[in-house]
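Let me begin by presenting the structure, written as structure tokens, before commenting on it.
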Amino acid sequence: MSLAGIVVSNSLMGQPAGAMFPRNEFKLLQPAPTQPLGSYDYFGKLLNDPVDDQKVGAVQITQELIDKGEDIYFNRKIGDNFGLQGVFGFAQGFATIVPEITTAITQLGGQATKNLQITLQKDIVLGSRTFPAGTRLNTGLKVEKGGTFPLGFITDEKTRTIGISCAACHASISNEGKRLAGVPNGELVISLLTALAPNTSAGFARLNFNPLDPQYQGNGKTIIDSKGQTVTLPDPEKFEKAFDDAVLDVPFGNFESSTDSINNTTQIPSGFTFKNHPYSSDGQFAVGPFAGLSAFNNAVHSSEINLLAATQLSQETLNIDPEVYIGTFLQNAADPRLRLPDGVKPSVWLQQKQQELGIPFAELEDQVSAPGAGNYPNLRPSLVTYNGLFFSPNSDNPNDIASGKFFFANNAMSAFQNSLVPPANRTQENFKALRSGSVQRGARVFEKANCATCHIPPFFTDNTIHPIEEIGTNSARAKSRLGLNNLLVEPKLYTFDTTVPVSANAQVLDVPTDGISVNSTTLPKGILPDGGYKTTTLRGLYFSAPYLHDGGVAVREGSLKVFGNSRFQVVDPSGLGLTGTLSQGLPADPASSLRALLDQELRKKVVTANKLNPALSPERANLDGTGHEFYVDNQTGFSTQQQTDLINFLLALDDNPGKF
């Protein structure tokens, strides 16, 4: 770190951000503090009046920055035109159902919807499944009042593509038809929208698919691998069909973005990020500006959506030769010009083809190589970027709302997300629970059951990653980055006054990792050695059912009958688990799902329902709803009334938990 950085660090840093709000003085039903305007973020700590802030890594939190972050969040596409569009074919696939979407929105007559239902106008064949004309489908797409296209989906007249923004997954619609930023779109039919792409299998590394498995052999291209040996790629039709089948097994609202070849899908998280660090379900994004949130945002625009970037480490992390990876990625490309011919070395052919088309290194669109990570395509990962790339568009591009100085867009989105608070729970159930004192009694149960040991108010998290043996939840997602631990280089950023393209003499910042990892080149504490999960905030639970990282604790409305004394019974077993909810495109009920989280016997039934469904098995989506065995039920000394009170308390944790 520069001398100026040391001075600021020692003299101006003040208290850690969490220490500004003494935990013991906070009542459970008071509103949580909000992000203070005018302060500075310094790698997750709040400062006042730093000197040369951009040169030392501090970001001033202004309304202008928040507004720009909101614009990017809602209106800037993620992903690159080369990989996501030209090879994968997202827009081409989405266009398949645009006529149905347009018709459905027209039929709304200007009204809003939280779940656009479409009626297929033609047969659609995906993998082994046929969706016949006339089929009515839930899509989970949100349409604002007066809207003409789904929220978070962007048409680009210049490239003639349809892209998605952060809002497609991380925003919803109120009952009045207004957008709710930060609320997860838990019913979004990601599986269908993915499978519609003509080359879905370009994302094969996101699930447990080996392209050289003999069962996929057939009419695949023959290539030359990194060792100069001849290799036959999988039959593109067989591989695509098998991968589409696997993708369609993933429940609505679940996604997979880590290129680890582990079946470990997870549900869309909420966007109420202030003091909810570290980020991602396992807390892997823990360092950098805004306590790792900017690194998380960067990943969404870079490593998580850049399909070809995983090639750099495919041999070391997946045991797949890079040429096999590139060849499998390209041989069924949506754009015929990018389809691989026989007998070539894929990386060489790709470079020649891109130069021929005038798009050299097109997979690096809006990306900057990290300092100290090497040279593309041989970049090393670090704790701030798992593919050695940073999303940072050209500073001088006035037509791009994300353009600016280095890392501007990621920090702007962080400032915006940290400004969000959970919307008010305006249901009659919450009104009655508050009025009757149930919510207040539930707060006392919360304390008595020691929930506050980890879910510490006012943000209801301890900002800690707990090892898998402690939390007991399905371990697959917790292992997603373990293969990178021995490959990490020191995390570095350019100073935030650096213009893009980055000059050779640009100044570099060392990203502090003290207290987060053993050293700057190891994964955060709690993840090692076997994986772990972060303590997620409980704020906004009403808007984020079902529960646990995999969404496996799910119960459909009407499946339980709760009696006047709060005793309950299962009256519709078909509504238990993901099998009875999001696997059918049906929402999970927050109160019933929380009861399944807290009640041992009900949880057993939910887990059994999940495990009986082959689509949710470890060989597929790997979702079961196990773990987090901290129960509040008769077996742990609590009455059913206390259980109900706790549920009502948890569902009241909105912007102002003590008031309606």
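Below, all heavy atoms of this structure are taken into account, side chains as well, without hydrogens, waters or symmetry copies. Just so you know, residue 1 is the first one in the sequence shown, and it goes up from there.
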- Query: So, Ser592 and Asp589: side-chain donor and acceptor under 3.5 Å apart, yes or no?
  - Reply: yes
- Is there a donor-acceptor pair under 3.5 Å between the side chain of Ser302 and the backbone N or O of Ala299? no
- Item | Non-hydrogen side-chain atoms of Leu212 and Val324 separated by less than 4.5 Å | yes
- Query: Between the side chains of Ser574 and Arg556, is a donor N or O closer than 3.5 angstrom to an acceptor N or O?
  - Reply: yes
- Query: Just checking, is any N or O donor in the side chain of Ser392 or Asp366 under 3.5 Å from an acceptor N or O on the other one?
  - Reply: no
- Query: Just wondering, do Ser583 and Asn613 contact through their side chains at under 4.5 Å, heavy atoms?
  - Reply: yes
- CD1 of Ile401 to CG of Asp71, rounded to nearest 0.5 Å, is 4.0 Å
- Would you say the side chain of Asn138 lies within less than 4.5 Å of the side chain of Glu187, judging by non-hydrogen atoms? no
- Scanning both residues in full, the closest heavy-atom pair of Val607 with Gly625 reads CG2-O, 3.6 Å
- Side chain Ser593, main chain Pro546, donor-acceptor under 3.5 Å: no
- Backbone N/O of Gln85 and side chain of Gln92: donor-acceptor pair under 3.5 Å: no
- Side-chain contact test, heavy atoms from C-beta onward, threshold under 4.5 Å: evaluate it for Ser270 versus Val183 and give yes or no. no
- Query: Taking Thr385 for the side chain and Leu389 for the main chain, is one N or O donor matched with an acceptor at less than 3.5 Å?
  - Reply: yes
- Message: Does this structure show an ion pair linking Lys77 with Glu365, if we count only N-O contacts that are shorter than 4.0 Å?
- Response: yes
- Task: Step by step, work out the side chain to side chain contact (heavy atoms under 4.5 Å, CB included) result for Lys68 and Phe416.
- Result: CA-CA 8 Å; Lys68 289 183 176 179; Phe416 167 64; over 6 Å; no
- Query: Any chance the rings of Phe407 and Phe391 have centres within less than 6.0 Å?
  - Reply: no
- Task: Please check if atom NZ in Lys479 has more than 12 non-hydrogen atoms from other residues, nucleotides or ligands closer than 6.0 Å.
- Result: no
- Message: A quick test of your reading: do over 12 heavy atoms of other residues, nucleotides or ligands sit less than 6.0 Å from CD of Glu237?
- Response: no
- Note on the structure: One should read off an interatomic distance between Glu240 CD and Gln331 CD, to the nearest 0.5 angstrom, of 10.5 Å
- Query: From Leu612 CG over to Leu616 CG, what is the distance, rounded to the nearest 0.5 angstrom?
  - Reply: 10.0 Å
- Query: Does one side chain, of Glu323 or Ser347, offer a donor that lies under 3.5 Å from an acceptor on the other?
  - Reply: yes
- Task: Decide whether Asn610 and Thr608 meet the rule of one side-chain donor and one side-chain acceptor closer than 3.5 Å.
- Result: no
- Query: Sub-3.5 Å donor-acceptor pair from the side chain of Thr473 to the main-chain atoms of Gly627, do we have one?
  - Reply: no
- Task: Report yes or no: is the cationic atom of Arg477 (NZ for Lys, CZ for Arg) closer than 6.0 Å to the six-membered ring centre of Tyr533, at no more than 45° off its axis?
- Result: no
- Query: Do Arg76 and Asp400 pass the salt bridge (charged side-chain N to carboxylate O under 4.0 Å, His left out) test, and can you show the C-alpha distance, the side-chain angles, and the key distance before you say yes or no?
  - Reply: CA-CA 8 Å; Arg76 199 345 175 128; Asp400 188 346; 2.7 Å; yes
- Message: Are the side chains of Ile268 and Cys169 in contact, using a 4.5 Å heavy-atom criterion?
- Response: yes
- Between Asn185 and Ser172, is any side-chain donor less than 3.5 angstrom from a side-chain acceptor? no
- List the steps, then state whether side chain to side chain contact (heavy atoms under 4.5 Å, CB included) holds for Val143 with Leu151. CA-CA 6 Å; Val143 181; Leu151 183 66; over 6 Å; no
- Exam field: side chain Asn263 to backbone Ala621, donor-acceptor pair closer than 3.5 Å: no
- Message: Ring centres under 6.0 Å, that's the criterion: do Phe285 and Tyr386 meet it?
- Response: yes
- Which pair of heavy atoms, one from Thr328 and one from Pro211, lies closest together, and at what distance? OG1-CB, 3.6 Å
- I would like to know whether Thr626 and Lys611 meet side chain to side chain contact (heavy atoms under 4.5 Å, CB included); could you show each step before the answer? CA-CA 10 Å; Thr626 57; Lys611 290 189 173 183; 4.2 Å; yes
- Query: Does atom NZ of Lys241 have more than 12 heavy-atom neighbours, drawn from other residues, nucleotides or ligands, at distances under 6.0 Å?
  - Reply: no
- Task: Of all the heavy-atom pairs spanning Gly343 and Ile224, show the shortest one and how long it is.
- Result: O-CD1, 3.8 Å
- Task: Check for a donor-acceptor pair, side chain of Asn199 on one end and backbone N or O of Ala334 on the other, with a separation under 3.5 Å.
- Result: no
- Message: Check for me whether Lys534 meets the cation-pi criterion with Tyr279, that is, NZ or CZ under 6.0 Å from the six-membered ring centre and within 45 degrees of the ring axis.
- Response: yes
- Any donor and acceptor pair, going by atom type alone, linking the side chain of Ser174 with main-chain N or O of Glu176 inside 3.5 Å? yes
- Separation between CZ (Phe252) and CG (Leu578), nearest 0.5 Å, reads 12.0 Å
- Query: Atom CG of Asp123 and atom OG1 of Thr135: how far apart are they, to the nearest 0.5 Å?
  - Reply: 8.0 Å
- Item | Reference residue Asn474; test side chain to side chain donor-acceptor pair (under 3.5 Å); the match among Asp624, Thr266, Asp550 | Asp624
- Item | Minimum heavy-atom distance between Gly271 and Leu420, given as atom pair plus value | O-CD1, 3.7 Å
- Query: Is the closest side-chain donor-acceptor distance between Thr103 and Gln121 under 3.5 Å?
  - Reply: yes
- Any Lys122 side-chain heavy atom under 4.5 Å of Glu100 side chain: yes
- Item | Evaluation steps, salt bridge (charged side-chain N to carboxylate O under 4.0 Å, His left out), between Asp249 and Arg129 | CA-CA 11 Å; Asp249 279 343; Arg129 307 184 196 184; 2.6 Å; yes
- Query: For Lys142 and Asn115, does a side-chain donor sit closer than 3.5 Å to a side-chain acceptor?
  - Reply: no
- Measure across Tyr325 and Ile320 and return the closest heavy-atom pair with its distance rounded to 0.1 Å. N-CG2, 4.1 Å
- Mark yes or no for whether Thr139, through its side chain, and Val189, through its backbone, hold a donor-acceptor pair below 3.5 Å. no
- Message: For a side-chain hydrogen bond (donor to acceptor under 3.5 Å, both in side chains) check, start with the C-alpha distance between Asp80 and Gln367, then their side-chain angles and the critical distance, and finish with the verdict.
- Response: CA-CA 10 Å; Asp80 61 311; Gln367 307 292 323; over 6 Å; no
- Query: With a 4.5 Å heavy-atom cut-off, do Thr194 and Val247 have their side chains touching?
  - Reply: yes
- Note on the structure: Looking only at heavy atoms, the pair that brings Asp235 and Asn219 closest together is OD2-N, 2.7 Å
- Item | Heavy atoms from other residues, nucleotides or ligands near CZ of Arg136 exceed 12 (cutoff 6.0 Å) | yes
- Message: Angle between ring planes, Phe94 versus Phe153, binned at 30° and 60°: parallel, tilted or perpendicular?
- Response: parallel
- Item | Side chain to side chain, Ser257 and Phe255, heavy atoms closer than 4.5 Å | yes
- Ring centers of Phe209, Phe204 separated by less than 6.0 Å: no
- Message: I'd like to know if the side chain of Ser559 reaches the main chain of Val555, judged simply by a donor and an acceptor atom lying under 3.5 Å from each other, with no hydrogens or angles considered.
- Response: no
- If we ignore angles and hydrogens, is there a donor and acceptor under 3.5 Å between the side chains of Ser261 and Asn208? no
- Message: Does Gln117 have more than 12 heavy atoms from other residues, nucleotides or ligands lying within 6.0 Å of its CD?
- Response: yes
